[in-house]
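I have placed the structure first, in the form of structure tokens, so that the comments after it can refer back to it.
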There are 2 protein chains.
Amino acid sequence: MAASMKDVAARASVSLGTVSNVLNHPDLVATSTRLRVEEAIRDLGFIPSAAAQQLRAGRAKVLGLVVPDIANPYFMEVARGVEDAALESGYVVILCNSDEQAEREDRYLAVLESQRVGGILIAPVRKSLKPLSRLLQHGVAVTLLGNAAISHDVCSASVDDTLGGGLAAEHAIELGHTRLVWLAGPRDIPRVSDREAGLMKAARSAKVHVTRIAAAQMTTAAGDTAMDSALANGLDATALLCANDLLALGAIRALNRAGLKVPDDVSVIGYDDIEFAASAAVPLTSVRQPKYELGYAAAKLVIGECEDPATHAHQRVQFQPQLIVRASTAPSRPRTR
Amino acid sequence: MAASMKDVAARASVSLGTVSNVLNHPDLVATSTRLRVEEAIRDLGFIPSAAAQQLRAGRAKVLGLVVPDIANPYFMEVARGVEDAALESGYVVILCNSDEQAEREDRYLAVLESQRVGGILIAPVRKSLKPLSRLLQHGVAVTLLGNAAISHDVCSASVDDTLGGGLAAEHAIELGHTRLVWLAGPRDIPRVSDREAGLMKAARSAKVHVTRIAAAQMTTAAGDTAMDSALANGLDATALLCANDLLALGAIRALNRAGLKVPDDVSVIGYDDIEFAASAAVPLTSVRQPKYELGYAAAKLVIGECEDPATHAHQRVQFQPQLIVRASTAPSRPRTR
DNA sequence: GGGGTGAAATGAAACGTGTCAATTTGGCGA
DNA sequence: TCGCCAAATTGACACGTTTCATTTCACCCC
């Protein structure tokens, strides 16, 4: 249906090869011919078929972006960065929502393999690189998103989550809180475990006790539910540290329902600093990550590897998190119960 | 690098055509041969090249999703629906963030044309279908997202925005408000004009005056700024209706800074009912759209047209909006100034 | 036993591009 | 006038599929 190079060649009365040269090596073509071909291209509205180009090249100028939760504003901000970087280099982004399910992630990895994507940006569901090994063997550029590379086979762009967890814990400790609660996500989410490690380390060195509770997912609803049942089980704490902002927002809802005030009764700290953290019921103290920059850097990394795999050296880009103090945290005060 | 059908054929000692038959017409192949071929496929980890398939077929099993704001949770919820429907049918979604800029939209449409996508889901920046006409001529299935089709050349999946705007206005009017403010987005955003029309109609029939102010973008920040300067210009109203929730959240921030309480001094109504509307500083009264369902239905529509263009009849699927009343609206009370 | 039948497998062509060796053209010096 | 060189252009091939007309083969029936 769409015009092909053959049509262009016919209209400009030149050979196929010349059209190709006009597109890829204009300096090899006589000016007059070039102008004629370019006119034919305009007249026909010719746009090269990416599929044919890719078939020839072996790989597509396509990136796969695999995120665990498309509805989380955090990842969408990252996606914006990825997308901008991709568009700059003429790449296209395939959106893959693994929904925190290994099975779905696997399905998407197969799809991406079938698409012969040049690179994959992934915030993996599991810690292992095994599901990616086939892709890596086939020379697909993979960059880990959000957590530092485990192996030397891949690039990674991440934020220092250990530090971030530490920042959150130290803030709570400085405010005088002595009984911390860590609201984690489902076990094994790679990017959360570092936060937990940093937090626990800070707590240990301050000799502060931490109670760990876990939500079933990294969502507002799950945060609400988890806090609800924790409170029902008699959880008693003055500072709540959450694995991400969504959990925090959900937890605050549950706290309010239980008649607990934030920050008067409980201080709450989130993680990610999504846009809505600032306009939440109680503006949320949170650990900010440079989300857009993270996505942008990761995409540049992976595109760099695509374009020039030979000279590419795997890198780990790491950003620094930053604690943003808002209204949801306050000094610990003696209990009046 | 990756194994091809030729490799599979060689390993199973059959011809290329037979391998193809095993994949596409298994009933034409003797069972013993089929098993042998399938074994070879497994051994080699063969995955067909989507590019080659598409080159042959002329079109790719790929959808382009063009949204004006990837950071808006509304569109990401829609995207979830699109993505699920696509995955079910073996399609893949290319994410295109037009950022409300016509130029960016055009750029992406060219990219999608180059990718020879089978279908496009688009929440257009402009009202005209002109930028899409080339795609349509080439037989690309296009479905309009969010606003009803203007022409009969395309499908659309939308929510009745006229009704939605009316719901918002009627709610405010029922609460006794007589001076309404409509906080619109930048001029010409198609999906907003229907909301405005519905609102204005309801206001006219109730003989209520509406002041129109406009934000530069459909974002929290723009809502904040717009409300700020409106207040500085002496805007005085008791009910604020916003073109979407992000604007509403931003406007509330500005109102609070100006010392105005929501809903005591001003009632605020949003639009979209994004997840964070419920956990906002003041839980937001909003007009809910079935977002996931909208995306899902739109994707099914466009995939249907891709798969069987001949028998396809263009449709308009329209969902109903629903007013969700929360804490940000209250009865009008006599001014105490 | 020969001819016909249907199942199974084959091989070539086509999709649209990029590459590259081979060919043509024009200009210039001898 | 001839030959040579660089510049410009050509044409064939490969990439990995699918399709389809053709071939091969075993079997059954008269």
Side-chain angles (χ1 to χ4, degrees), chain A residues 1-38 40-41 44-62 90 111 113-118 138-139 307, chain B residues 1-38 40-41 44-62 90 111 113-118 138-139 307:
Chain A
M1 196 76 198
S4 75
M5 277 176 51
K6 212 193 304 187
D7 304 323
V8 174
R11 183 171 241 266
S13 316
V14 294
S15 77
L16 248 173
T18 302
V19 178
S20 174
N21 280 337
V22 169
L23 295 171
N24 303 303
H25 306 284
D27 46 314
L28 295 181
V29 178
T31 311
S32 64
T33 328
R34 204 192 61 221
L35 292 175
R36 209 158 27 121
V37 171
E38 285 171 347
I41 289 180
L44 294 171
F46 165 74
I47 294 195
S49 154
Q53 290 179 322
Q54 147 178 13
L55 187 56
R56 189 81 233 293
R59 63 190 174 71
K61 292 187 95 174
V62 174
V111 169
E113 189 172 353
S114 159
Q115 296 287 333
R116 304 289 192 267
V117 298
H138 290 347
E307 303 276 294
Chain B
M1 194 78 197
S4 75
M5 276 177 52
K6 213 196 299 186
D7 304 323
V8 174
R11 182 173 243 265
S13 318
V14 293
S15 77
L16 247 176
T18 302
V19 178
S20 172
N21 281 335
V22 169
L23 294 171
N24 303 301
H25 307 284
D27 45 315
L28 295 182
V29 179
T31 312
S32 64
T33 329
R34 203 192 64 220
L35 293 175
R36 206 156 29 115
V37 171
E38 285 170 346
I41 289 179
L44 294 172
F46 165 75
I47 293 195
S49 154
Q53 290 178 322
Q54 145 177 13
L55 187 56
R56 191 79 233 292
R59 61 187 177 71
K61 292 188 93 173
V62 174
V111 170
E113 189 173 353
S114 160
Q115 295 287 333
R116 304 286 192 270
V117 297
H138 290 347
E307 303 275 294

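The basis for the numbers below is simple: all heavy atoms, side chains too, and nothing from hydrogens, waters or symmetry mates. So that the names make sense, note that chain A is the first sequence line, chain B the second, and so on, each numbered from 1. Given the structure is predicted, the values throughout are model-derived calculations rather than measurements.
For A/Gly45 against B/Glu113, the heavy-atom pair with the smallest separation is O-OE2, 4.4 Å. Scanning both residues, B/Val62 and B/Val117, for their nearest heavy atoms gives O-CB, 3.5 Å. The two residues A/Gly90 and A/Lys61 come nearest to each other via the heavy atoms O-CB, 4.0 Å.
Put simply, CZ on B/Arg36 is 12 Å from C1' on C/dA8, counting in whole angstrom units. To the nearest angstrom, C1' of D/dT17 lies 14 Å from NZ of B/Lys61. The nearest whole Å value for the distance from the CG atom in B/Leu16 to the P atom in D/dT19 is 14 Å. Taking atom CG of residue A/Leu28 and atom C1' of nucleotide D/dA6, one finds them 13 Å apart after rounding to whole Å. In this structure, the CD atom of B/Gln115 is 21 Å from the P atom of C/dC15, given to the nearest Å. In this structure, the CZ atom of B/Arg59 is 14 Å from the C1' atom of D/dT18, given to the nearest Å.
Of the residues near DNA chain C, A/Arg56 and A/Lys6, the one whose nearest nucleotide (by heavy atom distance) lies more toward the 5' end is A/Lys6.
Listed by chain and number, the residues in a side chain to side chain donor-acceptor pair (under 3.5 Å) with A/Arg116 amount to none (sequence neighbours excluded). Partners of B/Leu16 under the side-chain contact (heavy atoms from CB on, under 4.5 Å) rule, at least two apart in sequence or in another chain, are B/Met5. By the side chain to side chain donor-acceptor pair (under 3.5 Å) test, B/Ser15 pairs with B/Thr18, sequence neighbours left out.
Using five terminal pairs a side, the axes of the helix from C/dG1-D/dC30 to C/dA30-D/dT1 at its two ends make an angle of 70°, given in steps of 10 degrees.
Atom CZ of residue B/Arg34 and atom CG of residue B/Leu23 lie 11.5 Å apart, to the nearest 0.5 angstrom. Atoms CD and CD, on B/Gln115 and A/Gln53 in that order, are 9.0 Å from each other to the nearest 0.5 Å. Note that the CG atom of A/Leu44 and the CD1 atom of A/Ile47 stand 12.0 Å from one another [nearest 0.5 Å]. Note that OG of A/Ser20 and NE2 of A/His25 are 6.5 Å apart. Values are rounded to the nearest 0.5 Å.
Of the residues in residues 45-55 of chain A, those placing a heavy atom less than 4.0 Å from an atom of DNA chain C are A/Phe46, A/Pro48, A/Ser49, A/Ala52, A/Gln53, in numerical order. Of the residues in residues 18-27 of chain B, those with a non-hydrogen atom less than 4.0 angstrom from any atom of DNA chain D are B/Ser20, B/Asn24, B/His25.
Here the side chain of B/Arg36 pairs a donor or acceptor atom with the backbone of B/Ala12 at under 3.5 angstrom.
Within the structure, a side-chain polar atom (N or O) of A/Thr33 is placed less than 4.0 Å from OP1 or OP2 of D/dT9.
Looking at heavy-atom distances under 4.0 Å, B/Met5 makes contact with a base.
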